[in-house]
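Lettering follows sequence order; numbering is per chain, from 1. What you see below is based on every heavy atom in this structure, not just the backbone, and it leaves out hydrogens, waters and symmetry mates.
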Number of protein chains: 2
Amino acid sequence: MLTRSEEDHLKAVFALLQDGESAFTKDIAARLSTKASSVTDMLKKLAEKGFLKHEPYYGAKLTAKGTAHALTLVRKHRLWETFLVERLSFGWDEVHEVAEQLEHISSPKLVDRLDDYLGNPRFDPHGDPIPDRQGKLRVRKTKRLDTCTTGDTVRIAAVSETTDGLLRLLDSKGLRIGSVLTVQELHAFDGSMDVKPKSGAAFSLSKDVSHHLQVESN
Amino acid sequence: MLTRSEEDHLKAVFALLQDGESAFTKDIAARLSTKASSVTDMLKKLAEKGFLKHEPYYGAKLTAKGTAHALTLVRKHRLWETFLVERLSFGWDEVHEVAEQLEHISSPKLVDRLDDYLGNPRFDPHGDPIPDRQGKLRVRKTKRLDTCTTGDTVRIAAVSETTDGLLRLLDSKGLRIGSVLTVQELHAFDGSMDVKPKSGAAFSLSKDVSHHLQVESN
DNA sequence: AAAATAAATTAGGTGAGCCTAATAAACGAT
DNA sequence: ATCGTTTATTAGGCTCACCTAATTTATTTT
């Protein structure tokens with residue numbers, strides 16, 4: 001059994017590895033708002049328990065066991081978010097903290113029943129894929145909005161950074177998962193782009209925003 | 001903010017006081033499977049924080065603040081049990097441990113939304129009353145089955161000790177909340193009684209069992 | 001390649017929440 | 001009323017998950 005803190009560290013490692021390279025001590029610490037030395041302690045413990053490999057000074061890599069456990073956490077987190085939004089009418093921008101607590105509830109039966117109750121959803125309210133019972137992640141072929149070019153018409157599939165600020169900004173523009181929009185113009189000097197939603201007036205999105213929107217071709 | 005352990009101690013005190021007299025150190029320790037000395041520590045802390053009054057050697061009494069907080073815990077526990085049984089098809093005898101975890105999730109919004117989602121139920125699957133948003137407990141006038149006499153026809157309203165053993169025993173006899181039965185004969189020598197369900201053959205219930213069944217007149 | 005810088009680890013300390021053992025208080029029986 | 005038993009508290013110690021400060025390793029700059 002893992003403690004809540006151990007699970008948080010495991011999830012942080014998993015999340016960092018998802019985004020590309022190694023998970024470094026300082027990045028894990030930043031993500032969890034703790035200090036590097038605390039992270040080192042934890043990495044040693046998790047390595048001893050067989051959830052990851054810790055290469056001192058070169059970060060951590062997950063073992064199969066660690067990946068499997070991290071996926072159950074992601075599964076729980078996203079299922080609870082789905083429950084909160086779809087059944088309890090929470091806004092998609094206010095579910096994160098609560099799901100952060102709920103994901104640590106330990107009851108395999110509960111997770112699977114919840115999954116069935118929600119109709120075995122494939123994606124959560126942010127458009128992120130929900131691992132299935134076996135821990136398989138179904139991925140979609142998406143690209144970042146900031147890699148699109150003029151004329152592309154795409155559907156928003158996911159938001160990769162779920163900060164309150166970004167989520168509220170999107171909400172204020174009327175954007176959500178599934179929104180369809182066309183790229184109208186690219187501004188090279190600051191990376192911003194003008195986009196036009198299917199219905200409504202065009203507006204501008206900064207690079208900061210478009211970088212975090214995963215889209216699929218329409 | 002209270003820690004999980006503090007909340008567990010608070011709830012134990014509340015539960016003991018419900019059943020009558022003072023909450024003594026040893027009883028709290030027994031309920032939480034810890035040692036008396038640990039409980040003393042915790043009682044001091046909770047007293048300092050204003051949730052209870054600790055009279056050394058004479059147990060603990062809750063303050064208004066303590067009672068209010070305990071009631072929010074009871075509310076959460078019973079709402080989650082209701083959710084698990086009514087929405088996720090859990091058996092009423094397998095929800096306790098999970099609800100024990102869920103009750104510590106801290107989000108007032110979540111509790112109230114869940115309450116609405118479930119249709120503001122007044123009683124949980126064990127027949128115990130669910131405190132409302134203001135912490136008010138609606139009580140029913142019930143008596144224990146072992147205080148009934150021959151000829152009484154009553155409906156099972158609640159089970160006061162929710163051990164797995166007792167719940168399964170009831171299940172095996174076909175008894176549940178709402179079951180109606182008639183007292184047929186009392187056996188003074190061991191306190192057992194013969195009861196006949198509305199449909200089906202009569203059987204015997206030990207004092208141990210009838211003592212924990214809260215019933216209301218039919 | 002030596003020096004400066006950045007990052008990670010180690011060493012050592014703290015508070016929370018538990019424990020055991022020792023002591024003190026309350027209670028029940030004679 | 002005193003003795004013996006039960007129960008509670010205190011004293012002191014342990015582990016866990018954090019911290020700061022010191023040290024070591026890796027990387028970048030010159």
Practice task
Check whether more than 12 heavy atoms from other residues, nucleotides or ligands sit under 6.0 Å from atom CD of E55(A), and answer yes or no.
Solution key: no
Exercise for the section: Output, in order, the C-alpha distance, side-chain angles, deciding distance and verdict of side chain to side chain donor-acceptor pair (under 3.5 Å) for K53(B) and T63(B). Expected result: CA-CA 7 Å; K53(B) 271 227 140 99; T63(B) 61; over 6 Å; no
Exercise for the section: Name the nucleic acid region contacted by T34(A), choosing base, sugar-phosphate or nothing; use a 4.0 angstrom heavy-atom cut-off, strictly under. Expected result: sugar-phosphate
Exercise for the section: Could you encode protein contacts along nucleotides 9-16 of chain D as a string, one character per nucleotide from 5' to 3', using B for base contact, S for sugar-phosphate-only contact and - for no contact, with a heavy-atom cut-off of under 4.0 Å? Expected result: BB------
Handout entry: Reference residue D8(B); test side-chain contact (heavy atoms from CB on, under 4.5 Å); the match among V13(B), L2(B), L32(B)
Key = L32(B)
Problem - Whole-Å gap separating P (dA8(C)) and CZ (F24(A)) - result: 7 Å
Problem - Interatomic spacing from CH2 in W80(A) to CD1 in I105(B) - rounded to 0.5 Å - result: 8.0 Å
Handout entry: Geometric cation-pi criterion, R87(B) with Y117(B): 6.0 Å, 45°
Key = yes
Problem - Rounded interatomic separation in angstrom, taking CG from D27(A) and C1' from dA6(C) - result: 13 Å
Exercise for the section: Take the protein atom CE of M42(A) and the nucleotide atom P of dA8(C), then report the distance between them rounded to whole Å. Expected result: 17 Å
Exercise for the section: Assess whether atom NZ of K49(A) is packed by more than 12 heavy atoms of other residues, nucleotides or ligands within 6.0 Å. Expected result: yes
Handout entry: Distance in angstrom units between K26(A) NZ and dT27(D) P, rounded
Key = 12 Å
Practice task
Nearest whole angstrom, please: distance from the P of dA16(C) to the NZ of K35(B).
Solution key: 23 Å
